[in-house]
There are 4 protein chains.
Amino acid sequence: MARAKSPEKRQAILQAAAREIAASGLGASTAKIAKGADVAEGTLFTYFASKDELFNELYLELKGEVYRRINAEFPYKATLQVRARHVWTESLNWSIERPEERKASVQLGVSDVVTVATRERIGSQQRGAVEETLGEIAARGVFKDLPPGFAASAMGAMQDAVIDTVARKPRQKAVLVEKGFDAFWRMAK
Amino acid sequence: MARAKSPEKRQAILQAAAREIAASGLGASTAKIAKGADVAEGTLFTYFASKDELFNELYLELKGEVYRRINAEFPYKATLQVRARHVWTESLNWSIERPEERKASVQLGVSDVVTVATRERIGSQQRGAVEETLGEIAARGVFKDLPPGFAASAMGAMQDAVIDTVARKPRQKAVLVEKGFDAFWRMAK
Amino acid sequence: MARAKSPEKRQAILQAAAREIAASGLGASTAKIAKGADVAEGTLFTYFASKDELFNELYLELKGEVYRRINAEFPYKATLQVRARHVWTESLNWSIERPEERKASVQLGVSDVVTVATRERIGSQQRGAVEETLGEIAARGVFKDLPPGFAASAMGAMQDAVIDTVARKPRQKAVLVEKGFDAFWRMAK
Amino acid sequence: MARAKSPEKRQAILQAAAREIAASGLGASTAKIAKGADVAEGTLFTYFASKDELFNELYLELKGEVYRRINAEFPYKATLQVRARHVWTESLNWSIERPEERKASVQLGVSDVVTVATRERIGSQQRGAVEETLGEIAARGVFKDLPPGFAASAMGAMQDAVIDTVARKPRQKAVLVEKGFDAFWRMAK
DNA sequence: GATGAATGAGGTTTCATTCAT
DNA sequence: TATGAATGAAACCTCATTCAT
């Protein structure tokens, strides 16, 4: 049998793609990505049929990482506030700890290369606990007068605000994450 | 004497740029933008030295439009809540009424083509009333424990949440704008 | 006004394309064609939207050249045999005098890049006299028992035989052209 | 001991090559050919050292098929006309029955990938009876005033005319093959 | 100032061939 | 021998920018 496709190489390409997108936007060239992953230009295309497919897979990968992180050690039995804080903190920390991945994720998110199909594939697997938690929040506070989904959007939005501020005041990271949640929670209370 | 540069043409190019960015991202070609503005390819470069300059000017223009709209009929003498609601409503309506401009604005915002210098130039003109209002909000509620600037980020972020939701439920636009503000205001109260 | 598109450049590209196709087949690269025409790689695409379009236009051009040559000084009033010999001789001489053009024409003819639409466009202009002559031939000799179009195919085919033979015995060119027609004419008599 | 090379696989590759060339010209990729033959990409190169070698072998194979068909049941003792008609009919039927092989054969024939050496190798094996027959024809009718080889070219050329016409009028296949020969024979009589 | 032809670097993707398995 | 992943040169084409008109 011939050489097997190497998961490490696939991963290296995805990581390089995230790095390049963070550095130069969606215009990042496949040539640079390949070089960044230390593979030949052509090799990229044995792992991903096209640049678009690579970008869609990357988006999935990045979103998946966050969900995996949240689900690990999820406090299923705790109060809503504790669970909400867990979701908030874990996803926020991921964004702050991996700024390149986050930047790539945002760029992909607002662009048209990520298809609806890709967006729909996200989390149908283990979005479970997060969705359940957000669903409970949506039934409370101001959110109960607003369409379902708004609470989730609002949490994401408030996290963006925290991230932006952390970028300007990195020292206050811990406080921002905590107080940021308190701010968000005011809406849910 | 040579012909003078026409402000109409400049405007047409900026509008076409916004349209093209909304349609195909920052990869939008100068050729298409020029065609969209009904001018020759080369003409674009007599109004803007480079694609990057065009995009920076566009960003400024788009942000400026929002500020101009907020400042028109600004209720200087009203209570903070009334003023805040004005800011919220006017900027949000702009985004909802002009989806292409907003999409372009977001894409430019998350990209690196818009320089720090450009971002700093924003509103140094007439941001006045908005800044004053947001400053007052920043000193209240949860925001007073958070760095200055967080309140502004939070409002922008919450507006994004509203816009996303309006995109999915256009019928509820009016309610969303109003209740969205109520949600935001809970944090400031 | 800007520079006008130069017919000379267009012609140079077409000629270079014929040369390159003769030399290396339809795989001839646009880069080499451009270089052969002494224009930049990109320039080729301001004259022809794609390689395929260039090749289709070239096919048209080559076929057109032959028809133009035949129609010049066409002996409209002469006997059928004289007119047929005129068609035979002129088109054959074109092929023999311009071996590269002919080679390109043949390669294009048997390939799929030349579309049906292109083939249909040929000669609808001035194919006139040729068609009329071939039509008369088709009604005579062995051809009258065969479908219309067969006579034309047969003439072309017999010319190919002559060209092949001239390639091997260039000295006998004149005799081959003449006796070749006599051979063909035997079928029409 | 190592496995022996399988003649079936070799044959499958040649057939797939013919099919692919018919479908997409000489640009047909070795990868597609391999897939069409149901072997791995690399396997193709254990049977043929290069794409060019494969194409040369294919040309030989295709020409060989025709000769084999003609030689089977060749009426050695019959009159010249009967023998000539046999050559005509058998080779023509092969072309008509196997359009892909013929198309590939033509494309290869007009291209430069098939070397002179390959062309010379053809039929040195069993071209015997055909050559003898064509030799006799070359000494008769109009052909006796033309170089040797012209008769053969002429027969091939007239067959092309028949094939072209059959492609347009498939119903008349039988008549075209027969009357086509009559047309050709007029030149030899 | 306005135009759009001209440019050539750079983009994505394909491909013949090699070679580890 | 068979496989198909790996390679990087080269293919076609796009594009920001320049400049003759």
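Naming: A, B, ... by sequence-line order, numbering from 1 per chain.
Under 4.0 angstrom from either OP1 or OP2 of E:dA6 there lies at least one side-chain N or O belonging to C:Lys9.
Near DNA chain F, meaning a heavy atom under 4.0 Å away, the residues from residues 14-31 of chain C are C:Ala28, C:Ser29, C:Thr30. Sorted by residue number, the members of residues 43-55 of chain B with any non-hydrogen atom under 4.0 Å from DNA chain E read B:Thr43, B:Thr46, B:Tyr47.
Nearest approach of A:Val113 to A:Asp52, heavy atoms of both residues: CG1-OD1, 3.9 Å. Smallest separation of non-hydrogen atoms from B:Arg119 and B:Ser111: NH2-O, 3.0 Å. Taking every heavy atom of both residues into account, D:Tyr47 and D:Arg10 meet most closely at CD2-CB, 3.8 Å. The minimum heavy-atom distance between C:Ala104 and C:Ala18, with the atom names listed, is CB-O, 3.8 Å. The two atoms that bring B:Leu26 and B:Phe55 nearest to each other are O-CE2, 3.7 Å, heavy atoms only.
Side chains of C:Gln11 and C:Glu61: a donor-acceptor N/O pair is present below 3.5 angstrom, by distance only. Side-chain contact check for A:Thr43 and A:Thr46: no donor-acceptor pair (N or O, by modelled atom type) lies under 3.5 Å.
Stems are defined here as 3 or more consecutive Watson-Crick or G-U wobble pairs with pairing distances under 3.5 Å; those involving DNA chain E are E:2-21 with F:2-21.
For the side-chain contact (heavy atoms from CB on, under 4.5 Å) criterion with B:Leu58, the lone passing option out of B:Ile33, B:Leu108, B:Ile13 is B:Leu108.
No salt bridge links C:Glu101 with C:Arg19; every basic N to acidic carboxylate O contact stays at or beyond 4.0 Å. Remark: D:Lys35 does not engage D:Glu41 in a salt bridge, criterion side-chain N to carboxylate O under 4.0 Å.
The CZ-P distance, from C:Arg3 to F:dT17, rounds to 18 Å in whole Å. Distance CD (D:Glu8) to C1' (F:dT1): 15 Å, rounded to an integer number of Å. Following rounding to the nearest Å, B:Ile33 (CD1) and F:dT14 (P) show an atom-to-atom distance of 17 Å. Going from atom CD1 of A:Ile13 over to atom C1' of F:dT7 covers 13 Å, rounded to whole Å. One can place NZ of D:Lys35 at 17 Å from C1' of E:dA16, the figure rounded to the nearest angstrom. To the nearest angstrom, C1' of F:dT7 lies 15 Å from NZ of A:Lys5.
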message: Determine whether C:Gln107 and D:Gln107 satisfy the following criterion, side-chain hydrogen bond (donor to acceptor under 3.5 Å, both in side chains), listing intermediate values before the conclusion.
response: CA-CA 8 Å; C:Gln107 300 243 28; D:Gln107 300 243 27; over 6 Å; no
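Residue whose closest nucleotide on DNA chain F sits further toward the 5' end, between A:Ser6 and C:Lys32: A:Ser6.
Listed nucleotides: E:dT3, F:dT17, F:dA5. Nearest to the side chain of B:Glu41: F:dT17.
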